[in-house]
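Just below is one structure, and these are the notes that go with it.
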Amino acid sequence: MTKLIKKRSKKAGLPPGSLVHIGEKKTDKTKITIIEYDEVHFHEREAKTIEECFPFRDKNRPTVAWINIDGIHQSEILGKLGEGFGLHPLIVEDILNTDQRPKIEDFETYSYLVLKMLYFNAKDGEVASEQVSLILGYNFIISFQEREADIFHVISDRIRTNKGRVRKMGADYLAYCLLDAIVDNYFIIMETLGEKIESLENELVKEPSPEILPAIYNLKRNMILLRRSVWPLREVIGGLGRGGSLQIQESVKIYLKDIHDHTIYIIDTLESFREMVAGMLEIYLSSISNRMNAVIKVLTMIATIFMPLTFIAGIYGMNFKYMPGLEWRWGYPMVLLIMAGIGIAMVYYFRKKRW
Amino acid sequence: MTKLIKKRSKKAGLPPGSLVHIGEKKTDKTKITIIEYDEVHFHEREAKTIEECFPFRDKNRPTVAWINIDGIHQSEILGKLGEGFGLHPLIVEDILNTDQRPKIEDFETYSYLVLKMLYFNAKDGEVASEQVSLILGYNFIISFQEREADIFHVISDRIRTNKGRVRKMGADYLAYCLLDAIVDNYFIIMETLGEKIESLENELVKEPSPEILPAIYNLKRNMILLRRSVWPLREVIGGLGRGGSLQIQESVKIYLKDIHDHTIYIIDTLESFREMVAGMLEIYLSSISNRMNAVIKVLTMIATIFMPLTFIAGIYGMNFKYMPGLEWRWGYPMVLLIMAGIGIAMVYYFRKKRW
Amino acid sequence: MTKLIKKRSKKAGLPPGSLVHIGEKKTDKTKITIIEYDEVHFHEREAKTIEECFPFRDKNRPTVAWINIDGIHQSEILGKLGEGFGLHPLIVEDILNTDQRPKIEDFETYSYLVLKMLYFNAKDGEVASEQVSLILGYNFIISFQEREADIFHVISDRIRTNKGRVRKMGADYLAYCLLDAIVDNYFIIMETLGEKIESLENELVKEPSPEILPAIYNLKRNMILLRRSVWPLREVIGGLGRGGSLQIQESVKIYLKDIHDHTIYIIDTLESFREMVAGMLEIYLSSISNRMNAVIKVLTMIATIFMPLTFIAGIYGMNFKYMPGLEWRWGYPMVLLIMAGIGIAMVYYFRKKRW
Amino acid sequence: MTKLIKKRSKKAGLPPGSLVHIGEKKTDKTKITIIEYDEVHFHEREAKTIEECFPFRDKNRPTVAWINIDGIHQSEILGKLGEGFGLHPLIVEDILNTDQRPKIEDFETYSYLVLKMLYFNAKDGEVASEQVSLILGYNFIISFQEREADIFHVISDRIRTNKGRVRKMGADYLAYCLLDAIVDNYFIIMETLGEKIESLENELVKEPSPEILPAIYNLKRNMILLRRSVWPLREVIGGLGRGGSLQIQESVKIYLKDIHDHTIYIIDTLESFREMVAGMLEIYLSSISNRMNAVIKVLTMIATIFMPLTFIAGIYGMNFKYMPGLEWRWGYPMVLLIMAGIGIAMVYYFRKKRW
Amino acid sequence: MTKLIKKRSKKAGLPPGSLVHIGEKKTDKTKITIIEYDEVHFHEREAKTIEECFPFRDKNRPTVAWINIDGIHQSEILGKLGEGFGLHPLIVEDILNTDQRPKIEDFETYSYLVLKMLYFNAKDGEVASEQVSLILGYNFIISFQEREADIFHVISDRIRTNKGRVRKMGADYLAYCLLDAIVDNYFIIMETLGEKIESLENELVKEPSPEILPAIYNLKRNMILLRRSVWPLREVIGGLGRGGSLQIQESVKIYLKDIHDHTIYIIDTLESFREMVAGMLEIYLSSISNRMNAVIKVLTMIATIFMPLTFIAGIYGMNFKYMPGLEWRWGYPMVLLIMAGIGIAMVYYFRKKRW
């Protein structure tokens with residue numbers, strides 16, 4: 001199961017700004033890729049040392065640079081990067097800590113965003129998350145991922161092949177593209193959850209089995225984890241669009257508003273899902289009670305019919321010497337008849353009470 | 001059942017502004033109808049090419065034009081239209097995506113509205129929705145529907161026959177008429193839901209059967225789907241009335257406030273419905289428990305009366321050689337009397353305890 | 001039962017402002033009463049035509065006029081009145097529609113208020129409502145009721161006999177008196193609900209019967225209906241007091257604040273009632289479970305005591321030829337003793353486990 | 001039980017401002033006590049007529065006067081007082097009505113506060129309330145109580161013996177002292193509730209009996225009543241501190257903020273209590289189900305063991321002439337062995353299934 | 001168990017500002033430690049009298065002083081301290097009262113903060129809290145603890161060994177370090193709670209036992225106690241960062257924002273925990289019902305199979321003289337065959353119904 005909270009204990013007692021990686025180590029080596037482009041030029045290379053990135057900090061460079069860093073467990077590399085780009089020590093600390101609430105932090109020369117990339121864990125089918133940090137400067141972006149993911153390859157391909165508007169626009173539009181890719185991915189999660197809910201609904205209507213319970217609990221758990229990522233994301237993107245970040249130009253804001261609408265739509269749908277799952281559980285509980293009722297009715301009918309009959313048979317099985325009727329020729333058929341009568345009367349009675 | 005969320009996967013990875021139709025294709029061919037009118041003139045025709053619509057973009061044209069487009073799956077037509085009217089690429093993308101949250105987007109020369117038209121699906125009796133987009137210019141409206149619907153015919157008839165105020169007023173009043181028609185339709189949904197709730201209430205009071213459970217779940221589901229359309233609609237209409245859209249004149253705002261009140265009324269009623277349905281489920285659950293109690297009481301009474309009696313009969317059925325009483329003349333009637341006494345005492349006891 | 005929503009279908013498709021009566025027709029003929037007064041004069045008469053009311057529209061008339069209209073199903077009369085007093089067509093439409101959320105609408109020359117008068121329906125004991133509309137001008141009030149009600153007679157008597165402050169003050173104070181009478185009536189509803197809750201509480205503590213369930217559901221339903229009237233009422237009166245309506249003078253505002261406090265008190269109490277009823281239902285459900293537990297314990301005790309005993313009796317009732325003990329003199333008393341021992345042990349065991 | 005709402009019916013239909021006492025008459029005679037003090041002087045006496053209080057209205061009097069009135073059912077006395085001090089008729093009406101929501105009303109020359117004093121009713125152990133009204137002038141306070149209460153004696157003693165800061169400060173500080181005494185009293189209520197909850201928790205963990213249900217309901221009821229007093233109290237004191245009342249000097253505001261924090265603390269604690277009680281009820285319900293499960297398991301085990309055995313005994317008790325085995329020497333022990341085998345197998349089976 | 005509310009009764013009736021210690025006495029003697037430092041100097045000593053601290057009040061002293069007081073039950077010492085530093089009497093009263101809601105109070109020369117330090121009680125495993133008060137001046141901090149705790153030793157070590165930024169910055173940064181240490185400690189509580197929840201989840205999936213109920217209740221209780229500390233903490237730190245306190249410099253605000261984000265993250269996680277625990281309880285309840293269903297089915301099957309069979313055996317055990325079949329050679333095997341047939345039919349029937 002996805003952990004509810006990550007271990008921070010190794011950090012307790014250290015002074016603020018101490019660079020300690022919190023979370024699982026998901027890749028072996030830190031890989032640094034630099035893509036530099038403008039409308040006509042395109043240059044891509046893998047950096048060997050972190051120092052190769054520093055020239056892109058220059059505000060007057062006419063091109064846009066995207067520095068992507070896969071693997072964030074090597075705190076000394078990030079420390080150097082922070083110094084090279086003049087990042088606040090707390091920001092570098094935050095990049096290293098993979099158990100964070102999505103947020104945005106605006107500084108004069110850069111904005112810092114931290115987000116969650118969500119995917120279904122192949123092993124246990126649960127929603128898992130990876131943290132993505134973005135440093136957005138005026139003409140550069142640094143993106144930090146826990147490991148190399150497909151999701152950003154799509155964007156780099158688009159830049160390489162000059163598809164869409166991205167080569168014509170600045171670093172802010174590139175930031176939008178990255179955010180859009182992440183949020184688009186959330187829709188895939190939502191679709192999968194929606195399908196799971198619909199299949200549970202079908203099972204519930206046809207013939208609910210007790211296996212529905214862990215499935216419902218699992219859905220709830222995933223939805224709680226999802227919610228923890230999406231609600232703050234809305235604030236982050238809303239904040240970006242509203243213009244606290246100086247790095248965002250006016251023309252890009254309408255695009256940000258579009259993703260903002262997407263996150264609201266996801267939240268709305270998530271809330272609908274929650275209500276549906278709650279409704280399903282109620283219905284399931286009621287249907288258990290209904291079936292228990294039916295079973296107990298069978299038991300009661302059987303007992304109510306056969307207990308009196310067995311009692312009568314018991315009476316005529318007693319060994320008293322003087323029992324009237326035992327000697328009588330028609331005693332036995334008479335008693336059988338009475339028993340049949342009682343039995344039929346009982347059945348008739350239950351029919352009438354609609355059991 | 002109505003889908004909870006539509007497939008967007010075919011769009012994942014495409015650059016923003018890519019024109020891809022999301023949703024079911026509900027009609028074969030795109031049909032474009034143009035109605036042009038003012039207080040004295042009225043002209044209606046079907047356009048063969050999308051280019052015929054472009055002249056109406058002219059802000060100085062004295063007439064009002066209503067361009068209605070049925071069928072939005074042909075993305076190339078909408079792409080041309082978007083260029084012809086100078087629409088933002090994201091807006092054209094939104095028109096093509098039929099799985100959207102109702103919203104309003106204000107631009108300098110036009111406002112974009114997206115709404116849901118609700119109806120009861122004839123097949124499965126569930127609430128289904130169709131998306132309606134409106135482009136509201138200073139003297140034109142473009143409406144986009146997934147397929148030809150009756151609801152807008154009423155408005156075009158009213159323009160044709162010059163009923164009401166519509167011919168005397170501008171494009172903003174026409175927008176109001178379209179919104180009003182959509183919201184009026186919501187009331188019909190609410191009436192049907194109200195009737196269903198009242199008939200379930202009657203059943204609940206008379207004799208609740210387990211079939212009430214799926215009916216309640218179905219109601220809940222429909223109400224959740226309805227809510228997802230109505231809550232954002234309130235924001236949309238409230239936003240229009242508050243005057244963010246430059247295309248709305250002061251005299252039309254009181255009409256918009258009227259629809260705004262209608263949506264609040266629908267939301268209020270929907271919330272009442274939700275509480276009632278929740279109350280019904282609680283009452284139903286309690287009544288199941290009550291009936292189970294009654295059944296178990298019957299079982300216990302039967303067992304408590306006949307088990308001791310059968311035991312006594314069993315005793316006198318034992319084959320011991322020396323059993324006092326068996327030889328006695330009045331042994332049998334004596335035992336029967338004792339049994340009757342025990343039985344009567346039990347019944348009396350249960351009566352006293354009011355079982 | 002009180003309808004949850006009224007039929008509006010006959011209005012669907014009509015242009016906005018169409019005058020159609022929505023709701024039940026509760027009286028035969030429309031009755032128009034005019035009361036004109038100032039500190040020294042008082043004049044009351046029944047108007048034969050609606051045109052007799054028009055002179056009171058004059059802003060310079062020194063007296064206050066109260067035009068009361070009982071019966072609002074004759075749309076042509078209301079149409080004429082609307083023209084005579086210069087009311088907006090949407091307002092006249094609203095007066096005719098008796099299924100509305102309480103609201104206030106401020107215009108330059110008049111304010112429009114719509115409220116709900118609540119009473120207990122004599123037939124089924126449910127809360128029913130009637131709609132009251134008020135047109136408040138600078139020196140006149142027009143009140144619209146679905147049928148003649150006692151509640152306003154008290155006010156007209158007070159004017160006639162010059163009790164209280166009403167003759168010394170303007171139309172705004174008269175409006176306050178009418179609102180105060182309506183809200184005072186709500187307290188009577190609250191008292192009755194409070195008494196019902198207290199009597200259910202008593203029953204719950206003493207000996208709850210299954211009849212408590214429909215009673216609780218009925219209470220909930222009434223409270224939901226009440227809530228739908230009271231919550232918006234608070235906004236209406238709060239809005240009036242805050243001074244959006246130009247017809248309200250400063251000296252009357254403290255009176256409006258007083259009714260505003262009353263509505264808040266009613267809402268507070270209603271919320272307390274809701275919580276109490278919810279609490280009662282939980283307690284009732286728990287007590288059903290408790291009683292079921294008690295019943296099942298009896299059943300289990302009886303079965304646990306008599307099943308083994310009956311089995312032993314069964315053994316000695318078998319017809320084997322060679323069964324040791326049967327021939328023994330003390331076999332029978334011995335077995336009885338063993339049975340008694342088992343029985344006593346069982347009872348002792350249950351005692352110890354505190355069943 | 002404490003009434004949920006008091007009878008107001010005797011007031012229905014009377015003009016606003018009519019002086020009618022609402023509530024129970026709790027004392028026989030109205031008692032008026034006047035305390036006049038400054039840093040050096042102190043004078044205390046019982047007033048015989050209400051007119052003796054009027055001189056204290058003088059704004060230029062250098063001393064502070066505290067007029068305390070016990071017993072508010074004599075409306076004519078309060079009417080005179082209202083005239084003497086120039087109180088608005090609605091305020092006098094409010095003082096007489098003991099069923100009010102705590103509130104504050106600011107006028108130019110005085111502020112009116114209405115509060116609830118809470119105590120545990122000795123008879124039934126429920127929270128009961130008494131209403132306290134305060135008229136706060138620039139140099140006088142009039143306090144109205146339903147009956148003489150100990151709580152204010154503490155304050156008058158403190159003035160008499162010149163303890164604390166009260167003699168050095170104005171009427172606003174005296175008002176703060178009175179409020180502080182009332183809120184301090186709430187803490188005692190909270191402590192008692194807290195102890196009740198803790199003792200119920202202990203019972204729940206050890207051995208919950210059905211008597212826990214009415215105790216929980218009673219707690220809930222008391223908490224609902226408490227909440228109705230505390231939530232509006234917070235607004236009242238918050239309002240005072242924020243400075244709407246001109247009678248409050250800057251130096252006293254920090255003291256008011258302190259009581260404000262107390263009320264927030266009480267509300268926080270009350271909400272925690274609510275959650276705990278809700279949690280206890282859930283746990284209790286689950287534990288009932290658990291015990292029912294245990295009981296039914298016993299029943300099922302007994303039936304599953306003895307029913308087959310009794311059946312076997314029944315077979316060999318049949319009176320067929322030709323039954324193999326009956327004549328056999330080892331028939332009886334054989335059957336007993338088989339029975340014992342079945343019994344042991346069953347017990348083993350239940351053990352394995354961990355019943 | 002941790003007390004829900006502490007006894008304040010000994011304070012009731014005392015004038016405001018009376019110095020009374022509320023809470024448990026946790027240490028014997030008050031211990032006063034003074035640490036004075038700047039970038040180059042460091043001086044630490046234990047003060048013998050409270051008067052030794054007064055010189056640090058001087059605003060022009062170039063160093064930063066941290067006065068830490070362990071043990072706050074000696075009200076006379078705190079009284080003297082309050083006078084020496086010019087603290088408002090209410091603040092000194094608040095420091096002595098250990099049952100307070102976290103809050104911040106800003107004065108011109110100092111700010112007063114009160115917080116909760118949380119830890120798991122070693123004895124009963126419940127969350128317990130200790131109160132920490134901070135007086136933040138321009139160049140000094142006074143911290144008050146109920147007893148000496150490890151948590152602040154870390155900070156004093158860091159100052160002593162000049163680790164991190166603390167020696168380079170002012171008293172406001174020291175305040176931040178103390179707050180950060182307290183909040184970091186909350187994460188440890190959260191981790192422990194998270195682990196408990198995950199272990200309960202595992203148990204729930206594998207084989208839930210009734211012991212899960214008190215464990216869930218205990219979790220809930222701890223979460224309620226935690227919430228009461230964390231929610232107001234967020235307001236306190238948010239307030240500090242927003243700049244109400246004049247003692248906080250601009251450069252420190254970004255650090256405060258960081259702790260603020262931490263508290264929001266804790267609250268988010270706490271809410272997720274609450275939902276998960278609620279979900280677990282629902283699932284547990286449903287699974288009890290499911291198991292009860294299974295047990296009752298066994299009972300019903302056994303009864304339904306053996307009751308008719310025993311009845312048949314009973315019939316042939318009757319002692320009638322004339323019973324056809326008894327004398328028949330194949331009577332006994334015939335009856336056994338019929339019984340077997342009935343038994344098999346029943347089993348087949350239950351199989352088909354999937355019991």
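None of the values given here were measured: they were computed from a predicted structure. Lettering of chains follows the sequences in order, A, B, ..., and the numbering in each one begins at 1.
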Residue selection (most heavy-atom pairs with chain E, distance under 4.5 Å) from D94(A), T310(A), I312(A):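 Result: the option with the highest number of such pairs is T310(A).
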Structural part of A278(A) lying under 4.5 Å from a heavy atom of chain E: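 For A278(A), there is no contact with chain E at all, as no heavy atom is under 4.5 Å.
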Residue part contacting chain E, namely of L309(A), when any heavy atom lies under 4.5 Å: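 Both parts, backbone and side chain.
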Does any backbone or side-chain atom of [X] lie under 4.5 Å from a heavy atom of chain A? Answer side chain, backbone, both or neither.
X	value
N319(E)	both
D258(E)	side chain
F273(E)	side chain
A181(E)	neither
M301(E)	neither

CG-CG distance between L285(A) and N290(E), expressed to the nearest 0.5 angstrom: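 Spacing of CG (L285(A)) from CG (N290(E)) equals 8.5 Å.
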Gap between atom CD1 of I254(E) and atom CZ of F107(A) - 0.5 Å precision: 3.5 Å
Ring center gap for F306(A) and F311(E) short of 6.0 angstrom: yes
Note, R165(E) side chain near P89(A) side chain (heavy atom, < 4.5 Å): yes
Side chain to side chain, I315(E) and V335(A), heavy atoms closer than 4.5 Å: no
Pair D261(E) + R101(A), salt bridge at N-O below 4.0 Å: no
N-O pairing of E271(E) and R228(A) below 4.0 Å: no
Intermediate values then yes/no, side chain to side chain donor-acceptor pair (under 3.5 Å), Y322(E) and E327(A): CA-CA 7 Å; Y322(E) 305 100; E327(A) 314 285 315; over 6 Å; no
Option among R221(A), K220(A), R227(A) that satisfies the side-chain hydrogen bond (donor to acceptor under 3.5 Å, both in side chains) test with E275(E):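 By the side-chain hydrogen bond (donor to acceptor under 3.5 Å, both in side chains) criterion, E275(E) pairs with just one of R221(A), K220(A), R227(A): R227(A).
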Test side-chain contact (heavy atoms from CB on, under 4.5 Å) applied to T300(E) and I296(A), T300(A), L299(A), the passing residue: L299(A)
